[in-house]
Amino acid sequence: MRIPPELVTEYQEVDFAHANLLAELKRMRSIGPEEIRSSIDFLRQHTAQHFACEERHMKEMAYPGREAHREEHLVFFDQFVLLKARIEQDGATPENVGALVSAVERWVAGHVLRQDRRFAQFVRATRSPR
Ligand SMILES: [Fe+2]
Ligand SMILES: [Fe+2]
């Protein structure tokens, strides 16, 4: 799956993880309620791994913006846990699933634009100083 051009960081590993995440969100809109639980598990694992990977890179590169960036990852999990709980309690209705998918999509778009791209720019500038 291609990611929207404004979300490309040119950090291959990061772009690949974002593309997988967006693809799964898109898929969630079309699967039945019985598949939703495994899809949510996938999202949780995938994002946890991806955040850990970004946070490791930021630390290695001594990126000055890493605390603010990490904070957004933590806020994401808080939101995610709430939306997941709603699905577990009230069922995987199209409304509940749609709310989770839309919230995660919005979060990804905002976070990648603000934080991931900024970090990717920092990495490029650090690796190829002029
Ligand atoms: Fe991030
Ligand atoms: Fe990311």
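Computed over heavy atoms, backbone and side chain alike; hydrogens, waters and symmetry mates excluded. Numbering starts at 1 and runs along the sequence shown.
- Residues Glu55 and Lys59 are not paired through a salt bridge, judged by the lack of any N-O separation under 4.0 Å between the basic side chain and the carboxylate.
- Counting heavy atoms from C-beta outward, Glu54 and His73 have side chains that approach closer than 4.5 Å.
- One hydrophobic cluster holds both Phe76 and Ile87 under the rule that ILVMFWY side chains link at heavy-atom gaps under 4.5 Å.
- Between Ile36 and Met28, the shortest heavy-atom contact is CD1-O, 4.0 Å.
- Residues Ser39 and Ile31 come closest through the heavy atom pair CB-CD1, 3.9 Å.
- Taking CG of Leu21 as the start and CD1 of Ile3 as the end, the distance is 10.5 Å to the nearest 0.5 Å.
- The aromatic rings of Tyr63 and Phe122 are tilted relative to each other, their planes meeting at an angle between 30° and 60°.
- Phe119 and Val108 fall into different hydrophobic clusters, where Ile, Leu, Val, Met, Phe, Trp and Tyr residues are linked whenever their side-chain heavy atoms come under 4.5 Å apart, directly or through other members.
- One finds the CG atom of Leu113 at 5.0 Å from the CG atom of Leu7 (value rounded to the nearest 0.5 Å).
- A heavy-atom distance below 4.5 Å is found between the side chains of Val101 and Val97.
- With rounding to the nearest 0.5 Å, the separation of CD in Glu95 from CG in Asp90 is 10.5 Å.
- At least one side-chain heavy atom of Glu105 sits less than 4.5 Å from a side-chain heavy atom of Arg29.
- Criterion: ILVMFWY side-chain heavy atoms under 4.5 Å apart, direct or through other members. Under it, Trp107 and Leu83 are part of a common hydrophobic cluster.
- Between Pro4 and Leu22 there is a side-chain heavy-atom pair separated by less than 4.5 Å.
- The aromatic rings of His50 and His18 stand perpendicular to each other, their planes meeting at an angle above 60°, with 30° marking the opposite boundary.
- With values rounded to the nearest 0.5 angstrom, Glu72 atom CD is found 7.0 Å from His69 atom NE2.
- Rounded to the nearest 0.5 Å, atoms CG (Leu100) and CG (Leu25) are 7.5 Å apart.
- The number of heavy atoms from other shown groups lying within 6.0 Å of CZ (Arg86) does not exceed 12.
- When atom types are taken as modelled, the side chain of Ser102 and the backbone of Ala99 share no donor-acceptor pair closer than 3.5 angstrom.
- In the displayed structure, Gln12 atom CD is contacted under 6.0 Å by at most 12 heavy atoms of other residues, nucleotides or ligands.
- Counting heavy atoms of neighbouring residues, nucleotides and ligands inside a 6.0 Å radius, atom CD of Glu13 does not exceed 12 of them.
- Rounding to the nearest 0.5 Å places CZ of Phe42 at 8.5 Å from CZ of Arg27.
- Residue-environment remark: CZ (Arg114) exceeds the threshold of 12 foreign heavy atoms within 6.0 Å.
- In this structure, the ring of Tyr11 has its center less than 6.0 angstrom from the ring center of His57.
- Between Gln115 and His111, some side-chain heavy-atom pair lies under the 4.5 Å cut-off.
- Cluster annotation: Phe51 and Leu43 are assigned to the same hydrophobic cluster (Ile/Leu/Val/Met/Phe/Trp/Tyr, side-chain heavy-atom contacts under 4.5 Å, transitive).
- The aromatic rings of Phe80 and Phe77 stand perpendicular to each other, their planes meeting at an angle above 60°, with 30° marking the opposite boundary.
- Of the N and O atoms on the side chains of Thr9 and Asp116, not one donor lies less than 3.5 Å from an acceptor on the other residue.
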